[in-house]
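Notes to accompany the following structure.
Residue indices begin at 1 and follow the sequence shown.
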Amino acid sequence: MNLIDATFARLKEEGGTALIPFLTIGDPDLDTSVQIIQKLEQSGADMIELGVPYSDPLADGPVIQRASERALAAKQISVQNVLDVAEKARQAGVKLPFILFTYFNPVLQLGLERFFELCLDKGISGLIIPDLPIEEDGDLREMAEEANIHLIPLVAPTSKERVARIAAKARGFVYCVSSLGVTGMRADFHAGIDEFLTDVRKSAQVPIAVGFGISNREQVERFSKQCDGVIVGSAIVRKIEEVLPKLQNEAEREAGLEEIGQFVSNLKIG
């Protein structure tokens with residue numbers, strides 16, 4: 001069984017909701033990313049999105065854009081580098097599912113066959129490719145199915161008549177976009193968010209998770225009542241940005257990691 005499926009099944013039995021943090025790998029460096037992943041698991045994360053830094057991130061707001069810029073300035077980080085971080089985290093004892101978040105061009109540059117060989121070898125359970133529409137994902141979807149790696153679709157309130165078609169093809173979970181526009185912390189969400197989530201739930205045969213703009217415990221609790229998982233990205237990436245001086249100082253690194261862990265622990269419901 002795919003680790004994502006197993007995790008959702010366990011949480012369903014426990015009456016819990018998956019907490020799914022997003023990280024920009026390589027911010028501030030690859031070795032520290034491994035340590036952050038370890039800390040997130042210890043702090044209650046159920047799955048982790050491993051973000052590949054990208055120079056033109058269409059779906060990402062300013063916080064994640066800055067993280068990508070820092071990572072790419074320090075080192076030209078590739079999909080291979082991010083997958084190596086996943087492998088090192090596994091070697092360090094991390095057990096939770098890894099979901100690779102990347103735009104399609106780096107996958108194409110690597111080549112689909114090599115890409116899936118690496119994903120299998122490094123222990124990736126899911127893929128999110130935000131700029132690959134369902135109408136154009138046939139070859140990649142087929143290879144993902146063969147590898148038992150879930151291709152997780154994003155569906156937005158603007159998807160409307162496409163919701164049922166996207167949800168029907170989903171594997172792992174459906175990533176429901178809570179707000180219009182790019183990622184980032186928000187006080188308010190799309191006015192029809194509750195109706196939208198209900199519609200996705202009706203169409204999906206897999207769990208649903210919500211992301212984009214979720215940044216505090218109150219919001220996690222609010223969406224936990226409707227969804228099987230809650231994705232938190234910009235708020236965690238911003239916390240990493242806040243403690244960068246500590247992460248980059250060996251004497252203070254553990255204190256910086258602890259601050260990140262405490263922030264994530266406070267988001268965990270149950």
### Query
Does R90 count as lying over the ring of F98, i.e. NZ or CZ under 6.0 Å from the six-ring centre, within 45 degrees of the axis?
yes
Quick one: do [X] and [Y] make a salt bridge, cutoff under 4.0 Å?
{"X": "R10", "Y": "E14", "answer": "yes"}
{"X": "E41", "Y": "K95", "answer": "no"}
{"X": "D29", "Y": "R70", "answer": "no"}

Check the surroundings of atom [atom1] in [X]: do more than 12 heavy atoms from other residues, nucleotides or ligands lie under 6.0 Å from it?
{"X": "E195", "atom1": "CD", "result": "no"}
{"X": "Q91", "atom1": "CD", "result": "yes"}
{"X": "E250", "atom1": "CD", "result": "no"}

### Task
Could you note down all residue pairs passing side-chain hydrogen bond (donor to acceptor under 3.5 Å, both in side chains) where residues 198-208 supplies at least one of them, sequence neighbours left out?
R201-D228
### Task
Decide yes or no on side chain to side chain contact (heavy atoms under 4.5 Å, CB included) for L23 and E49, but give the supporting numbers first.
CA-CA 6 Å; L23 295 178; E49 285 184 30; over 6 Å; no
### Query
Does anything in residues 221-255 pair up under ring pair (Phe, Tyr, Trp, His ring centres under 6.0 Å), and if so which pairs, sequence neighbours excluded?
F189-F223
If hydrophobic clusters are built by linking Ile, Leu, Val, Met, Phe, Trp and Tyr wherever their side-chain heavy atoms come under 4.5 Å apart, do [X] and [Y] end up in the same one?
{"X": "M143", "Y": "L83", "result": "yes"}
{"X": "L72", "Y": "V107", "result": "no"}
{"X": "L110", "Y": "I129", "result": "yes"}

#### Entry: Close side-chain approach of I152 to V174, heavy-atom, < 4.5 Å
no
### Query
Do N266 and S43 come within less than 4.5 Å of each other through their side chains, counting heavy atoms only?
no
### Task
Could you pull out all residues at least two apart from K88 that satisfy side chain to side chain donor-acceptor pair (under 3.5 Å)?
none
### Message
Parallel, tilted or perpendicular, judged at 30° and 60°: which one describes the rings of F101 and F22?
### Response
perpendicular
### Task
Check the pair K39 / E259 against side chain to side chain contact (heavy atoms under 4.5 Å, CB included), numbers first and verdict last.
CA-CA 10 Å; K39 181 60 69 174; E259 285 189 43; over 6 Å; no
### Query
Can a donor-acceptor pair be found between the side chains of D27 and T24 at a distance below 3.5 Å?
no
### Query
Among side-chain atoms of D31 and Q35, is any donor-acceptor pair under 3.5 angstrom?
no
### Query
Rounded to the nearest 0.5 Å, how far apart are NE2 of H150 and CD1 of I99?
9.5 Å
### Query
salt bridge (charged side-chain N to carboxylate O under 4.0 Å, His left out) between R171 and D5: does it pass, once the steps are laid out?
CA-CA 9 Å; R171 297 292 182 269; D5 300 331; over 6 Å; no
